[in-house]
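Structure, as structure tokens:
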Amino acid sequence: MQTGYSLSVNQRRICRLSAALFLLVALTQIVAVAISWTVPGAQYNMRCSDAGCVTTNTPEVGLPDDLRAQMQASPERVQQFERHVRKPHIWAGLGLVNLVQVAPMMALLILVSTAIRRLGRDQSDAMAAALPWIKRASIAALALAIVPPFAAAARVMILMPGTPHGPGIYFSLDGGPLLINLLIAFAAFVVAWALEAGSRAARDVGGFV
């Protein structure tokens, strides 16, 4: 059955290149997580604020500004913090948090790559083949909006015993980025629903022809 879906040769080539690019970015995330599990202290962290996002391989950037200032107030406190980070269970905990934090992004990139690759096929059912992956990508986008604040809080609580503050409970939520990410995730859901409805309508029309 023909659904009317068709891409030119150049468009299919662009789809393949785009899919490869998304997959390449996902692989860089996987490499960063692998480094955080194999090299003590080389924790991959991303800290975002109104000024933008900063990526670093030092764990202290995961601390709030006040705790980081306390820790850096003297060489003795810095050494205490470094000893804390080098403990095997702390190192493993930070690696696990890093994995949890980047997992939604890795999943989103891989799912989008797969969807684009399906869309770039020279087949009339390419849209139907891509739809399940688009829906899974929208779920990953929702997870990407929700998971990072909890991962950041877990990282801080793992690091806090190495600061003068000592162990404690911490949670901070920046509502602006969370709201934007949620809106993007919901938009992805709506697009997936619309594409599914259009594909279903095309199949229904094809059934009468």
Side-chain angles (χ1 to χ4, degrees), residues 22-113 137 139-185:
F22 275 95
L23 187 59
L24 178 62
V25 176
L27 291 176
T28 62
Q29 298 282 326
I30 295 173
V31 170
V33 172
I35 291 174
S36 74
W37 278 82
T38 57
V39 181
Q43 301 295 332
Y44 175 83
N45 295 309
M46 179 174 289
R47 188 166 183 266
C48 298
S49 65
D50 294 337
C53 294
V54 176
T55 301
T56 178
N57 64 350
T58 52
E60 61 266 20
V61 76
L63 290 170
D65 293 339
D66 55 339
L67 292 180
R68 189 166 63 254
Q70 293 177 18
M71 182 270 295
Q72 295 174 337
S74 69
E76 292 77 12
R77 291 180 177 181
V78 173
Q79 293 174 4
Q80 175 187 353
F81 181 79
E82 291 176 348
R83 288 194 299 270
H84 175 72
V85 171
R86 285 195 296 267
K87 294 177 181 177
H89 66 285
I90 299 299
W91 171 26
L94 291 173
L96 180 60
V97 169
N98 290 337
L99 176 61
V100 171
Q101 182 169 4
V102 302
M105 174 60 75
M106 290 190 295
L108 177 61
L109 292 170
I110 293 172
L111 292 170
V112 169
S113 173
I139 296 174
L142 181 61
L144 181 60
I146 296 174
V147 170
F150 293 95
R155 179 181 292 109
V156 172
M157 288 187 285
I158 291 174
L159 295 173
M160 283 176 70
T163 69
H165 182 282
I169 302 297
Y170 175 88
F171 187 80
S172 178
L173 183 63
D174 190 344
L178 176 63
L179 178 60
I180 292 174
N181 290 335
L182 286 175
L183 289 175
I184 293 174

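Under a 3.5 Å cut-off, the side chain of H84 and the backbone N or O of I158 do form a donor-acceptor pair.
In this structure, I146 and L182 have side chains that are in contact, with non-hydrogen atoms separated by less than 4.5 Å. For the pair L144 and N181, the minimum side-chain heavy-atom distance is 4.5 Å or more. Side chains of L111 and F22 form no contact here, defined as non-hydrogen atoms less than 4.5 Å apart.
Each of R68, Q70, R155 was evaluated against L63; a single residue qualifies, R68, per the side-chain contact (heavy atoms from CB on, under 4.5 Å) test.
Listed by first and then second residue, the ring pair (Phe, Tyr, Trp, His ring centres under 6.0 Å) pairs that reach into residues 154-179 are F150-F171, sequence neighbours excluded.
The two residues G168 and M157 make their nearest non-hydrogen contact at O-CG, 3.5 Å. Residues V97 and A151 come closest through the heavy atom pair CG1-O, 3.2 Å. The heavy-atom pair separating P148 from A143 by the smallest distance is CD-O, 4.0 Å. When every heavy atom of S113 is checked against every heavy atom of L23, the shortest pair comes out as OG-CB, 3.8 Å. Contact between L108 and A137 at its shortest, heavy atoms only, is CD1-O, 3.3 Å.
Between the CD atom in Q29 and the CG atom in L99 there is a gap of 11.0 Å [rounded to 0.5 Å]. The line from CE of M71 to CE of M160 is 13.0 Å long, rounded to the nearest 0.5 Å. One distance of note links CD1 of I30 with CG of L109; it measures 9.5 Å at 0.5 Å rounding. Distance check, rounded to the nearest 0.5 Å: CG of L142 to CD1 of I139 gives 8.5 Å.
By the 6.0 Å contact criterion, CE on M105 is open, its count of non-hydrogen atoms from other residues, nucleotides or ligands being 12 or less.
Partners of Q80 according to the side chain to side chain contact (heavy atoms under 4.5 Å, CB included) rule, which considers only residues two or more places apart in sequence or in another chain, are R83.
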